[in-house]
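Below is one structure, written out as structure tokens; comments come after it.
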Number of protein chains: 2
Amino acid sequence: MGISERKERQKAELREHILHVARDMVMKEGFDALSMRKLAEAVEYAPATLYLHFENRDAIARELCVRGFQELLAVLEPAAAVADPVERLSRLTEAYLAFGLKQPETYRLIFMEDPRLSAALFQDQQDGAGPKSFAVLLRVFEDLEAAGRTPDAIPPARLAEVFWAGLHGIVSLKLTCSGFTGAPAEVLGQTLVATLLRPPALRAKPARRPR
Amino acid sequence: MGISERKERQKAELREHILHVARDMVMKEGFDALSMRKLAEAVEYAPATLYLHFENRDAIARELCVRGFQELLAVLEPAAAVADPVERLSRLTEAYLAFGLKQPETYRLIFMEDPRLSAALFQDQQDGAGPKSFAVLLRVFEDLEAAGRTPDAIPPARLAEVFWAGLHGIVSLKLTCSGFTGAPAEVLGQTLVATLLRPPALRAKPARRPR
DNA sequence: AGCAATAAATGAACACCGTTCACAGAACGG
DNA sequence: CCGTTCTGTGAACGGTGTTCATTTATTGCT
């Protein structure tokens, strides 16, 4: 009975199409400009039809939010795979800032709009995308601590939180307070990295030429 | 001719009254819940009357934004007056975080809503409230540098920016990503402070007892 | 006091918005 | 072919910001 499968597939495709168009609208005109009526117009359906696929506007926003977060994760992935923790931290910083500045509306949607949107990312304490990505940050600082490159007496988890807050602060100040005309984000990011690292022990075994 | 003065005063008072009620609405129900019609209802005027005192809703928001920022400044002032730069930095951190967490909707309005709202704070490069308050942060790090408590080779201005970004990151993550269930904000703040400070030189001349 | 001019206030309207629901049409299973 | 189920919609409800002609109140002047 392939007929009902086809209908299911078509329904899923339409749902996907709606989300795709919605994403375009958000990225081009911002989240506030995403209206059910304009979205319906863009996908050439009546407004009421959207409610057959999504409970309401917030449901669409939530979906865009988790997908945006997955995009962010994808961007961080190569950096997270770097072996040397110092280099890794630097690359993560670079990638995070680049994502936030290149996709401002997506970043806003994920981290700066309604708390209820990002709630989905963090409620699953075990398996959620939020905690899972935090684990990436945590690992960097654990590795750094093992390498003796971490400030004394500060647990890696807390360093990771401060690090994330710092990155988020840099991005969101750049996005909101455009008059924050200090150094470019990359410079601030590298400064942040520098303050979180303890300089390598000078006379100890030379860390095997960190490359 | 005191009569026209009285009218002017009454007009200013009404304007003030409108702003006061609007502030209450924002603090109680959030910025999105501030509607011209409900505001008009609350001050017992017709909606159109509001437009005799403000160009539009954004004008009200801008005004609330600069006033909120002044509240923040007032909260920071005692901390900024502390002589010892290390203590000062700590107190500034404490005050900033407390303001952000106790007045979340005000903080959102200032730093997390439309960039056009906060634009007014930073456009006046000389005299604006934004640059003026940044000067406070700058001075801390200049004093810290003079006391040798600053990481090497990083200009105070950049440290100040990273510091602010860190504070803002902590507050805004707490406000938006409630699932960010790490350490409490005060702990993160003190960690941030710790990472920005270089430990005092142990054996060097005791820095002339920095008082 | 009465009148003209100025200022303050408003009701009604316009164009949007999210959302709901009774209804129509098509596609399906028997 | 018929009944059912699913897809889609038009119209409406209550809400939003904003505008503008019109009314109402107040003032200054004769």
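FYI, side chains are in, hydrogens and waters are out, and symmetry mates aren't considered; it's all heavy atoms of this structure. Since we're looking at a predicted model, the values are computed, not measured. Each chain gets a letter, A, B and so on, in the order the sequences are listed, and its residues count up from 1.
- Counting non-hydrogen atoms under 4.0 angstrom, B:Ser35 reaches the backbone sugars and phosphates but no base.
- Backbone-only engagement by B:Leu34 is indicated by non-hydrogen atom pairs under 4.0 Å involving sugar-phosphate atoms exclusively.
- For the pair B:Phe31 CZ and D:dT16 P, the computed distance is 14 Å after rounding to whole Å.
- A donor-acceptor pair under 3.5 Å is formed between the side chain of B:Arg88 and the backbone N or O of B:Val82.
- Annotation: proximity of residues 50-62 of chain B to DNA chain C (heavy atom, distance under 4.0 Å) is found for B:Leu52, numbered in ascending order.
- A straight line from CD1 of B:Ile18 to P of D:dG17 spans 14 Å, rounded to a whole angstrom.
- We find that NZ of B:Lys38 is positioned 15 Å from C1' of C:dC17, with the value rounded to whole Å.
- Map B:Ala48 and B:Lys11 each onto its nearest nucleotide of DNA chain C; the residue landing nearer the 5' end is B:Lys11.
- Of the residues A:Lys102, A:Lys174, A:His168, the one that meets the side-chain contact (heavy atoms from CB on, under 4.5 Å) test with A:Tyr107 is A:His168.
- Checked for salt-bridge contact, B:Glu145 and B:Arg158 miss the test: no charged N lies under 4.0 Å from a carboxylate O.
- Atom CG of B:Leu39 is separated from atom P of C:dA9 by 14 Å (rounded to the nearest Å).
- With D:dA12, D:dT19, D:dT9 as the candidates, the nucleotide lying closest to the side chain of A:Arg37 is D:dA12.
- D:dT5 atom P lies 17 Å from atom CD of A:Glu8, rounded to whole Å.
- The CG atom of A:Asp114 sits 15 Å away from the C1' atom of C:dG18 (whole-angstrom rounding).
- For A:Arg15 and A:Tyr45, the positive end is not near the middle of the six-membered ring at less than 6.0 Å and at most 45° from its axis.
- In this structure, the side chains of B:Val75 and B:Tyr96 stay at 4.5 Å or more apart for every pair of heavy atoms.
- Regarding A:Asp32, its CG atom lies at a distance of 12 Å from the P atom of C:dC17, rounded to whole Å.
- Spacing between atom CD of A:Glu44 and atom C1' of D:dT9 amounts to 15 Å, rounded to whole angstrom units.
- Between A:Arg67 and A:Glu63 there is a salt bridge, with a side-chain nitrogen of the basic residue lying less than 4.0 Å from a carboxylate oxygen of the acidic one.
- Contact between A:Thr150 and A:Phe141 at its shortest, heavy atoms only, is OG1-O, 4.1 Å.
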